A.B. asks: 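My structure is below; once you've seen it, I'll send some questions.
Computation of the quantities below employed the complete heavy-atom set of this structure, encompassing side-chain atoms and omitting hydrogens, waters and symmetry-equivalent molecules. Being a predicted model, the structure only gives us computed values, none of them experimental. Counting starts at 1 for both ligands and their atoms, in listed order.
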Amino acid sequence: MKHKLLNGFIASVALSTLILAARLLANIPAPLEAVYKELTHFLGVPAMFQFIHRLLGFGQAGKVVAFVGSATLWVGGVALAGLLAPIPAAALVALVSVILVGPLWGLVWGAVYLGLRFALEPIRTSVDRRGVLNSLGLGAAGLFGAGIVAAVQPLFAGKSAPVSAAPNGSSSAVKLADGITSQNDLYYVSINNEALDPKIKEADWTLQVDGLVTTKKSFTLQALKDEFQMQSQEFTLACISNPIGGDLIGNCVWGGLRVKDLLQSVGVKAGAKFIQWEAADGFYESLPLGMALEEDVLLAYSINGEALNAKHGFPLRVILPGHFGMKQPRWLTKITLTAEEKPGFWADRGWSRTAYVQPLSRIDAPAALEGLKAGAVTTVHGIAYAGSKPVTGVQVSTDDGKTWLEASLIAPRSKNTWTRWTLNWTPTAGAHTLKVRCVAGDTAQSGKDSDSLPEAASGYHRVSVTAG
Ligand SMILES: Nc1nc2c(c(=O)[nH]1)N[C@H]1C(S)=C(S)[C@@H](COP(=O)(O)O)O[C@H]1N2
Ligand SMILES: [Mo]
């Protein structure tokens with residue numbers, strides 16, 4: 001019994017390693033990743049995902065924990081199958097994999113497991129059993145240790161680098177204009193784990209244009225650059241799951257071609273009403289065609305003058321002003337014009353279908369719990385953003401919302417970006433709670449506290465400080 005358990009455990013660790021290696025090196029679908037995806041997608045609808053996101057900036061860490069957790073389950077689960085004879089254990093692996101990644105790979109992984117289990121039979125009688133167990137134990141401890149470090153590291157990184165999405169200054173070597181976020185500092189959100197995100201080679205990639213178009217066509221990146229005029233546009237990208245005051249928001253200059261120009265060149269057939277986007281990671285989105293034909297809807301290949309990196313969508317991503325990031329696929333591979341609407345990946349999981357940015361604002365300085373000098377002028381500053389609607393006013397309260405002062409606005413360079421604001425304030429000694437709110441024309445920021453699911457978080461950002 002003990003030996004079977006050991007063999008099962010070794011076989012399952014080996015299997016997990018093989019599966020992951022196959023996924024990373026040859027892009028073969030991994031049951032482990034499917035477990036992870038199912039978990040996060042399941043969590044994406046109910047309050048649990050919300051909970052992870054509400055723990056400011058924990059989105060990625062939460063996913064790593066989920067991934068490590070599902071890996072543990074997988075390893076543990078298959079190890080338990082060590083209690084079963086090799087054939088039923090392999091059948092179990094096959095069944096689980098068939099459900100998660102389809103019949104072909106399910107059968108393959110079941111067979112691999114069976115092979116491993118038989119190959120390991122000699123260990124039962126081997127003298128060096130203990131050595132095998134020790135090294136496996138060490139390996140497993142190392143892996144989980146690394147997982148935990150990866151999971152908690154962002155929490156500390158957030159403290160030591162509070163400027164990650166700060167509108168002033170950046171860590172990039174190139175000097176960027178005030179209010180521009182460098183590609184390195186731009187937040188990152190993905191349905192995948194970063195290690196599993198697409199890493200596309202330019203030579204392997206084309207953009208396919210299909211559906212209700214006159215000429216169905218594929219374009220290389222070079223062709224897109226050569227055949228269409230490049231547009232450059234400053235635009236603030238924000239995630240719908242950004243918590244109040246959070247930094248899942250950044251402002252960059254995006255370079256690329258107009259969707260309109262591309263569609264004009266292939267010809268739009270009568271009856272085309274929607275545009276559907278498909279991405280290399282299985283992400284998908286759609287949009288009424290009329291909206292995609294707006295002048296400022298781009299297919300971007302550069303950020304702040306440099307090529308998109310793999311993390312932020314190389315080679316091509318959709319830029320859709322006025323909307324949250326979930327409407328803007330990275331790693332775009334296919335555009336299809338259709339007569340029917342098909343909701344997007346996150347809309348299918350309970351999030352907003354339209355994902356319009358609603359007025360939001362954030363205090364960047366002073367920082368929470370910062371000690372200020374009583375009687376000395378301090379500059380309170382931050383950002384306000386309302387999608388494509390110009391921010392027309394920002395008010396700051398220094399008494400937790402009893403009274404409000406008008407902040408000064410720094411005129412934005414584009415209508416699709418955040419507006420930076422400042423207010424000079426001389427605190428009296430004691431504790432103060434600052435709050436901010438903004439208004440965009442006839443739409444005021446909502447002060448009602450709500451979670452980000454399904455239509456983005458609402459409520460005013462508050463920061464408590466003391467002066468002495
Ligand atoms: N293909 C693909 N595109 C995607 C996503 C994704 O997971 N896969 N996530 C979306 C979401 S929810 C956001 S907020 C933005 C984030 O872009 P960034 O990580 O480059 O800041 O990408 C969007 N585009
Ligand atoms: Mo997002």
A.B. asks: Considering non-hydrogen atoms of the protein only, which is the closest contact for atom 5 (C) of ligand 1, and what is the distance?
C.D. replies: R330 NH2, 3.1 Å
A.B. asks: Identify, by atom number and element, the atoms of ligand 1 in contact range of L237, meaning under 4.0 Å from any of its heavy atoms.
C.D. replies: 17 (O), 21 (O)
A.B. asks: Just to check, does P329 reach to within less than 4.0 Å of ligand 1 when the distance is taken from its heavy atoms?
C.D. replies: yes
A.B. asks: Measure W331 to ligand 1 on non-hydrogen atoms and call it side chain, backbone, both or neither using the 4.0 Å cut-off.
C.D. replies: side chain
A.B. asks: For M326, is at least one N or O under 3.5 Å away from an N or O on ligand 1?
C.D. replies: no
A.B. asks: Measuring from atom CG of L298 to atom NZ of K260, what distance do you get when rounded to the nearest 0.5 angstrom?
C.D. replies: 11.5 Å
A.B. asks: Short list, please: which atoms of ligand 1 are under 4.0 Å from a heavy atom of A279?
C.D. replies: 1 (N)
A.B. asks: Please report which non-hydrogen protein atom sits nearest to atom 24 (N) of ligand 1, along with the residue it belongs to and the distance in Å to one decimal place.
C.D. replies: Q328 O, 3.0 Å
A.B. asks: Give the residue and atom name of whichever protein heavy atom lies nearest to atom 17 (O) of ligand 1, and the separation in Å to one decimal.
C.D. replies: R317 NH2, 3.1 Å
A.B. asks: Check this for me - ligand 1, K311, N or O atoms closer than 3.5 angstrom, yes or no?
C.D. replies: no
A.B. asks: When T417 is tested against each of V391, I180, N251, I383 for side chain to side chain contact (heavy atoms under 4.5 Å, CB included), which residue passes?
C.D. replies: N251
A.B. asks: How long is the gap from OG1 on T392 to CG on D442, to the nearest 0.5 Å?
C.D. replies: 8.5 Å
A.B. asks: Which bit of Y187 gets closer than 4.0 Å to ligand 1, counting heavy atoms only: side chain, backbone, both or neither?
C.D. replies: both
A.B. asks: Run the numbers for me: atoms of ligand 1, each under 4.0 Å from some heavy atom of V189, listed by number.
C.D. replies: 9 (N), 12 (S), 16 (C), 19 (O)
A.B. asks: Give the numbers and elements of all ligand 1 atoms closer than 4.0 Å to a heavy atom of C239.
C.D. replies: 14 (S)
A.B. asks: Find all atoms of ligand 1 within a distance of less than 4.0 Å from any non-hydrogen atom belonging to Y188, and give their numbers and elements.
C.D. replies: 19 (O)
A.B. asks: Roughly how far apart are T181 OG1 and W418 CH2, rounded to 0.5 Å?
C.D. replies: 4.0 Å
A.B. asks: Considering only the protein, which heavy-atom contact is closest to atom 8 (N) of ligand 1, and what is its distance?
C.D. replies: D281 OD2, 2.7 Å
A.B. asks: Suppose we measure from atom 23 (C) of ligand 1 to each protein heavy atom; which comes out shortest, and what is that distance?
C.D. replies: G325 O, 3.1 Å
A.B. asks: Of the backbone atoms (N, CA, C, O) and the side-chain heavy atoms from C-beta on, which set of L248 has a member under 4.0 Å from an atom of ligand 1: side chain, backbone, both, or neither?
C.D. replies: neither
A.B. asks: Is it the side chain, the backbone, both or neither of I191 that has a heavy atom closer than 4.0 Å to ligand 1?
C.D. replies: both
A.B. asks: In Å, rounded to the nearest 0.5 Å, how long is the span from CG of L257 to CZ of F219?
C.D. replies: 9.0 Å
